[in-house]
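The figures that follow rest on heavy atoms only: side chains count, while hydrogens, waters and symmetry mates do not.
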Amino acid sequence: MRNIWVIAYQIQLKIIRKPSLFLLLFLVPMLIIFILGNALSEQFKQEDQPVQPVHIAILNQDLKMQMNQFQEYLASSKINDYVIVLNTDSLPSMDQLIHNKEADIGWIIPSGFSEKLKVGFPEQWKIVSGTSSNKNITGQTIIRGFFDQIERNQIEGEFVANNLPERPYLFQTDRKTFIEPIRIKRDTNYTSLQYYSAVDLIMYMLFAGLTTGISFNRERENGTLSRLNSLPIPNFQIVLGILLGNGIIASIQTFCIIIGTKVIFGVDWGNQFLTLTIICSISIVISIIMGTLVAFIVKSSKAVHAILQFIIIFMTFVSGGFAANLDHFKVFAFLEKFTVNYWAVQSLLQAFLNKSFTQTIPSLAVLGCICAGLIVLTLLVYRRVGYHE
């Protein structure tokens, strides 16, 4: 164990003694967070946003429910230009439309609903929410308005049938319309600085993997590895020492970014400190293991630098690290699910919003699976090619 700590200490000294690397790891992240957080803050403002057309996928399970009434309502309310109706025949097809962003919101009408509609909306009709919170609200408002009109027409018909005098629609009723939200994928109640603090924190934690990969190959290129191998030190202890040294530097870097953004920029990281610690720990392990894997396969430091830099920047870009609204495009919405950044950032944003730990478990589970997969793959590569001159 002592050998591992000595090697880790030497690795840390080598990193800290390089001023350029110190600037890259600690000062540049703060500068980028400040620039992106302020320059792109308009993307996170909720006021004065124009109403965009809403694609509503309708699953009508009630054969007696005539949907032409809904079309007439849209025409009479003069909102035809803001609603596009997509009829579906099953829940999986509706879910696919929403998943592919071809529909913004889903509307399920259960069987027998039209009969019970006459006696006061006793049964729930369901809304399947999509990824856009604004369009979810718009779609729910339109659907609720449709049923409010049906209710008003029914009650006005009762006045006519009972020969009651006409009067304005100024009365209350026991009839209620229920909305059952099934799924809301993303919450956006966070600021621009919070969002870019999260994405850049993950990006620079991944750059720790680049430092790790270079450390492995520099030890080989500088002849340090041959001297270590000549000592009675098992090879795996050398590997663990390099991993530990880079892991400690990455942890210090992460702590400095979190504290720095909180003190200097006032970024609110929430109060879910355990969740935040788990997210950062898993991300750091993924980072250094990814760098180790590439270093075992590629023997040149320049090649390791180029490969890891491309992977990190590509994953950051695809997951919205440089522009928050890229997931409006289907190709990016598909690719981001295969990046470490996406799942780590989603977990961090939930921590920002002070969601409970159980609500972050799905994202953390994916991160954990990625981490476990990389560890297994690295062990297999290590057993095959080893780490030696």
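- Contacts of Y9 classified as ring-ring contact (aromatic ring centres under 6.0 Å, His included), with partners at least two apart in sequence or in another chain: none.
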Sequence neighbours excluded and cut-off under 3.5 Å, please list the side-chain donor-acceptor pairs for residues 311-318, or say none.
| residue | atom | partner | partner atom | Å |
| --- | --- | --- | --- | --- |
| T316 | OG1 | I312 | O | 2.8 |
| T316 | OG1 | N341 | ND2 | 3.2 |

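- V54 and L97 fall into different hydrophobic clusters, where Ile, Leu, Val, Met, Phe, Trp and Tyr side chains are chained together by heavy-atom contacts under 4.5 Å.
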Please determine whether side chain to side chain contact (heavy atoms under 4.5 Å, CB included) holds for the pair L379 and I375, giving the CA-CA distance in whole Å, both sets of side-chain angles, and the decisive distance to 0.1 Å. CA-CA 6 Å; L379 289 174; I375 290 174; 4.1 Å; yes

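- Separating the CD1 atom in I284 from the CG atom in L243 is a distance of 13.0 Å, to the nearest 0.5 Å.
- In terms of the side chain to side chain donor-acceptor pair (under 3.5 Å) criterion, residue partners of N3 (sequence neighbours excluded) are, by chain and number, Q237.
- Annotation: side chain to side chain donor-acceptor pair (under 3.5 Å) contacts of H305 (sequence neighbours excluded): none.
- Considering every non-hydrogen atom in both A344 and I202, the closest pair reads CB-CD1, 3.5 Å.
- Applying the side-chain hydrogen bond (donor to acceptor under 3.5 Å, both in side chains) test to every pair with at least one member in residues 258-267, sequence neighbours left out, gives these pairs: T261-W269.
- Taking 4.5 Å as the limit, every side-chain heavy atom of F34 sits out of range of all side-chain heavy atoms of I264.
- Contact detail for T358 and P362: the closest heavy-atom pair is O-CD, 3.8 Å.
- Pairing each heavy atom of T88 with each of S93, the nearest pair is CB-OG, 3.6 Å.
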Checking M290 against L293 for the side chain to side chain contact (heavy atoms under 4.5 Å, CB included) test, could you report, in this order, the C-alpha distance in whole Å, the side-chain angles of both residues, the deciding distance, and whether it holds? CA-CA 5 Å; M290 187 169 63; L293 178 61; 5.8 Å; no

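- Not a single ring-ring contact (aromatic ring centres under 6.0 Å, His included) links F357 to another residue, sequence neighbours left out.
- Considering all non-hydrogen atoms of both residues, S197 and I33 come closest at OG-CG2, 3.4 Å.
- Between V340 and S287, the closest side-chain pair of non-hydrogen atoms is not below 4.5 Å.
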